[in-house]
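Single-structure report; data block below.
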Amino acid sequence: MTFAPLQNDRFLKALNREAVDRTPVWMMRQAGRYLPEYRASREKAGSFMDLCQNAELACEVTLQPLERYPMDAAILFSDILTIPDAMGLGLYFETGEGPKFRKVVRTEADVAALPIPDAETDLGYVMKAVSTIRGALNGRVPLIGFSGSPWTLATYMVEGGSSKDFRHLKAMVYSQPELAHALLDKLAQSVTAYLNAQIRHGAQAVQIFDTWGGALSAEAYREFSLKYMQQIVDGLIRDHEGRKVPVILFTKNGGLWLETMADSGCDALGLDWTINIGEARRRVGDRVALQGNMDPAVLYASPRAIRAEVKRILDDFGDHPGHVFNLGHGITPQVDPAHAGVFIDAVQEFSQR
Ligand code: CP3
């Protein structure tokens, strides 16, 4: 497959810590329920999973935020739970309750029975979405592919859905560590194959979402989350179509462990809002780029407050290469789309070099 040449490569350059004319910006969950046009497409699809499985509609919603705002990257519209679904666990969404699985993974037999999905066939609908979106972008901005981290995927698979305390998986980690390792290793192999397939189909950067790694102790984080993200980073295609494919690791609540994360071989770290970005930069030096880190709740505040917070983060990062502006977590459904626009415009205005 050959695609149109890239017209805006600020995002890829910043991830490689190269100089840019202004700080690139995108938002986690930028295609989502805060946009009325997203809600209309989702209605048309029938359900969230139907939307993910229809390449034309997944493409339509991926492009929606780009039509409204001058963003510097697009992110594949899909979900991190596609892998456990492809492993046969039966993903479904109960309105108001988040994701659920019909089958849970708790025993040795459960782990042994899990297949490693074939990314091209079992997850072919995701690959079709990637190539459809990449074609439709026509070189406007780069396309980000993504996956959940093995640890984060395991939380949903073992608990059977969202959880506050992760009690079944944590009990497994402490009393049957070898079983947890067997599960995480299968997931790491699955994620590696999945992300490499996304890269071959047109993803130009990839992000690993470790939403729940921050719930672990420092030692357990290294052994049960970071280790498997590192295994993935080691197995990824790092050059494609004559360009580097940057890898971003995002551990929510991982601010205490930035140095070890920076040693994983990734190109950039995603930051939530609990750490000052200037301090984070001093700690990782120029080993990796940083992506973040505005509290998404700032978008509930006045335009004046949004602009002040953007300026504060840019000033704290300072005049160095290697910053991709983003929220510290996904944009929430209640945000006024006009406020998202104020945010994007402020980043572009205040970061002009
Ligand atoms: O960023 C983007 O625009 C790309 C799309 C994207 C979605 N999910 C779409 C989605 C991405 C990158 C994800 C990742 C994801 N999914 C994560 C990691 C990032 C994070 O937020 O920490 C996690 C933990 C999930 C699992 C998941 N999927 C949950 C917990 C939920 C329910 C959330 C809710 O608010 O109801 C989903 C569903 C989901 N994934 C929605 C969207 C737009 C909402 C579904 C809907 O339209 O009703």
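Order of appearance sets the numbers: ligands from 1, and atoms from 1 within every ligand. We're numbering straight along the sequence, starting at 1.
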Worksheet item: Using a threshold of 4.0 angstrom between heavy atoms of the protein and any atom of ligand 1, which residues qualify?
Response: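 For ligand 1, the residues that come within the 4.0 Å heavy-atom cutoff are M28, R29, Q30, A31, R33, Y38, R42, F48, I75, L76, F77, S78, D79, I80, L81, F93, P99, F146, Y156, F209, T211, H329.
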Fill in: Q230 side chain to K227 backbone, donor-acceptor under 3.5 Å
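No: the side chain of Q230 does not pair with the backbone of K227.
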Worksheet item: If only atom types and distance count, is the side chain of Q348 paired as donor or acceptor with the main-chain N or O of R22 below 3.5 Å?
Response: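 Not confirmed, Q348 side chain does not pair with R22 backbone.
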Discussion item. Minimum heavy-atom separation for L76 and F146, please, with both atom names.
Written reply: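 Nearest heavy atoms, L76 then F146: O-CE2, 3.2 Å.
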Discussion item. Does either side chain, that of D79 or that of T82, offer a donor lying less than 3.5 Å from an acceptor on the other one?
Written reply: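 No.
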Worksheet item: Just checking, any donor-acceptor pair under 3.5 angstrom between side chains of H320 and R281?
Response: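 Distance-only check passes for H320 and R281.
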Discussion item. Check for me whether R102 meets the cation-pi criterion with Y92, that is, NZ or CZ under 6.0 Å from the six-membered ring centre and within 45 degrees of the ring axis.
Written reply: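 Yes - R102 lies over the ring of Y92, closer than 6.0 Å to its centre and within 45° of its axis.
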